[in-house]
Structure formats: C-alpha cells, structure tokens
Visitor: 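Shown below is the structure under consideration.
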Amino acid sequence: MKLILVRHAQTEENVRGVYQGHTHGVLTKLGREQARKLGQRLKSEKIDTIYSSDLGRTANTAREIIKFHPSTPVVFTPLLRERDLASLVGKLKSEWHDKQKPVGVETKESMSVRAKKILGEAYGKHPNGTVLFAGHNGINRVLIGLISGKNPQYSAQLERQKDTAVNVFEIREDKNHVINLLNDASHLDKSQ
C-alpha cells in the first residue's frame with residue numbers, strides 16, 4: 001500500500017505558540033494558502049481513500065485535497081487526532097517550563113495504539129492501493145516511528161513536521177516498509 005501522510009496547515013494557535021491538543025484550531029490566511037498548495041500538489045495522485053483527523057485544522061486542510069478527489073471516500077476519524085494534552089490545552093508553550101508531563105496527557109504508547117489501529121484498518125482495506133492520512137505533528141511522528149519499526153518514544157527524536165508536510169511510504173505485509181519521502185514541503189514558498 002502506498003501511504004501519503006500529510007500534516008495540517010498553519011493555525012492561529014501555532015502562530016501564538018498555544019498548545020492545541022484535541023481542540024479544532026483555526027487556519028490562518030497563510031494556512032489556508034498552504035492547504036490550497038497542498039491540494040494542488042496532490043491533485044494528480046490516484047487516491048483510493050482519504051482518512052483525516054476529525055479536528056477542524058486538519059479536516060479543513062484535507063478539504064483542499066478532497067476538492068481534487070471528489071469521488072474518493074473520506075473518513076474523518078479521531079484515530080488521527082493530535083495528542084490529548086489535557087490541562088496544557090490553551091496554554092502558551094513559552095509559559096510552561098515544567099518538563100514533567102501534566103496529569104491526563106496522552107502517552108506516546110496510547111498514540112501508538114491509535115496509529116497501529118488506523119494503519120491496520122487502511123492496509124486491510126487497501127493492501128495494493130493508495131491511501132492518504134491527514135494528521136498532526138505528533139500523531140504523524142508516531143506513525144513514522146511505527147512504520148520505521150521503532151518504539152513509541154522514538155517519535156520525539158524525529159524532526160517536527162512542517163506545515164502541510166508530505167511523507168510517502170510503501171507499507172508492506174512483511175513489515176519491511178519503505179520510506180520514500182519525509183517531511184517535504186517543497187510545494188510551499190521558501191518563506192512559508
């Protein structure tokens with residue numbers, strides 16, 4: 001299965017440095033332009049199914065891809081949501097200095113369970129097809145770690161996903177997955 005994994009576009013909360021977690025977020029003007037460019041980049045791809053986080057920032061980014069794939073089935077799912085940040089949601093990143101995880105924050109292991117479930121579901125339905133996942137920085141990095149055969153903590157070592165980053169993988173039944181592209185945002189201007 002060919003898996004195209006993308007991240008949502010820039011949000012107002014990203015610009016302000018606010019923890020978003022399971023909140024919807026609002027795309028900025030630049031973010032809406034980034035999403036349009038992502039849609040343009042992927043318009044020629046033959047995509048069998050699109051799976052998107054059900055959170056607004058990602059769903060609205062995915063809708064720019066969906067415009068070019070109107071007959072492609074779309075599934076909005078909580079499995080591709082960002083990490084649940086509990087009490088950190090809405091707080092400025094610059095104001096949180098305690099490196100201990102607050103109570104209620106979702107673990108990387110829990111995120112990995114979600115990642116395995118959605119990856120298994122997609123592969124089970126489209127083992128020889130092309131599937132697009134639209135997600136978030138955190139869940140995308142967990143998925144990349146899973147595909148790389150690493151433990152859930154490995155995701156913290158990966159480079160932060162750029163706005164509308166594109167990652168492409170070949171998912172194989174024998175688990176010898178191939179990484180073809182990582183964190184590419186060449187469809188955006190250098191200033192973005």
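Side-chain atoms are counted along with the backbone in the values below, which use heavy atoms only and exclude waters and symmetry mates. Quantities reported herein were computed from a predicted structural model and do not represent experimental measurements.
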Visitor: With the side chain counted from C-beta on, respond yes when Leu119 and Leu3 share a heavy-atom pair under 4.5 Å apart, and no when they do not.
Guide: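 In contact.
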Visitor: Could you tell me the separation between the CG atom of Asp163 and the CG atom of Leu188, rounded to the nearest 0.5 Å?
Guide: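 Going from CG on Asp163 over to CG on Leu188, the span is 7.5 Å.
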Visitor: Check this for me: does any side-chain nitrogen of one of Glu45 and Lys2 sit under 4.0 Å from a carboxylate oxygen of the other?
Guide: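 Answer for the salt bridge query: yes.
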Visitor: Does the distance from a Lys or Arg side-chain N to an Asp or Glu carboxylate O, for Lys125 and Glu121, drop under 4.0 Å?
Guide: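 Looking at Lys125 and Glu121, the cut-off is met.
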Visitor: Salt-bridge test for Arg114 and Glu106: reply yes if a basic N is under 4.0 Å from a carboxylate O, no otherwise.
Guide: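 Here Arg114 pairs with Glu106 in a salt bridge, since their nearest N and O are under 4.0 Å apart.
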Visitor: Give the minimum heavy-atom separation between Leu80 and Ser53, together with the two atoms involved.
Guide: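 Of all heavy-atom pairs spanning Leu80 and Ser53, the closest is O-CB, 3.4 Å.
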Visitor: For Ala35, give me all partners under side-chain contact (heavy atoms from CB on, under 4.5 Å), at least two apart in sequence or on another chain.
Guide: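 Applying side-chain contact (heavy atoms from CB on, under 4.5 Å) to Ala35 gives Ala9, Thr61, Glu64.
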Visitor: Within a strict 4.5 Å, meaning less than it, do heavy atoms of the Leu182 and Phe169 side chains meet?
Guide: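 In contact.
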Visitor: Side chain to side chain donor-acceptor pair (under 3.5 Å) with Gln10: which residues, sequence neighbours excluded?
Guide: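 In terms of side chain to side chain donor-acceptor pair (under 3.5 Å), with neighbours along the sequence ignored, Gln10 is linked to Thr28.
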Visitor: Working to the nearest 0.5 angstrom, can you tell me the gap between Leu146 CG and Ile118 CD1?
Guide: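 Taking CG in Leu146 and CD1 in Ile118, the distance rounds to 12.0 Å.
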Visitor: Closest heavy-atom contact between Lys108 and Pro152?
Guide: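 Smallest heavy-atom distance, with atoms named: O-CB, 3.6 Å.
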Visitor: Any side-chain heavy atom of Leu27 sitting closer than 4.5 Å to one from Thr11?
Guide: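 Of all side-chain heavy-atom pairs linking Thr11 with Leu27, at least one is under 4.5 Å.
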Visitor: Would you compute the distance between atom CD1 of Ile50 and atom OG1 of Thr72 and round it to the nearest 0.5 angstrom?
Guide: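 Answer for the CD1-OG1 pair, Ile50 versus Thr72, is 5.0 Å.
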Visitor: If every non-hydrogen atom of His69 is compared with every non-hydrogen atom of Leu42, which pair is closest and at what distance?
Guide: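 Shortest heavy-atom contact: NE2-O, 3.0 Å.
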Visitor: Establish, from distance only, whether the side-chain atoms of Lys37 and Thr164 form a donor-acceptor pair under 3.5 Å.
Guide: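 Their side chains do not contain a donor-acceptor pair, so the 3.5 Å distance test is not met.
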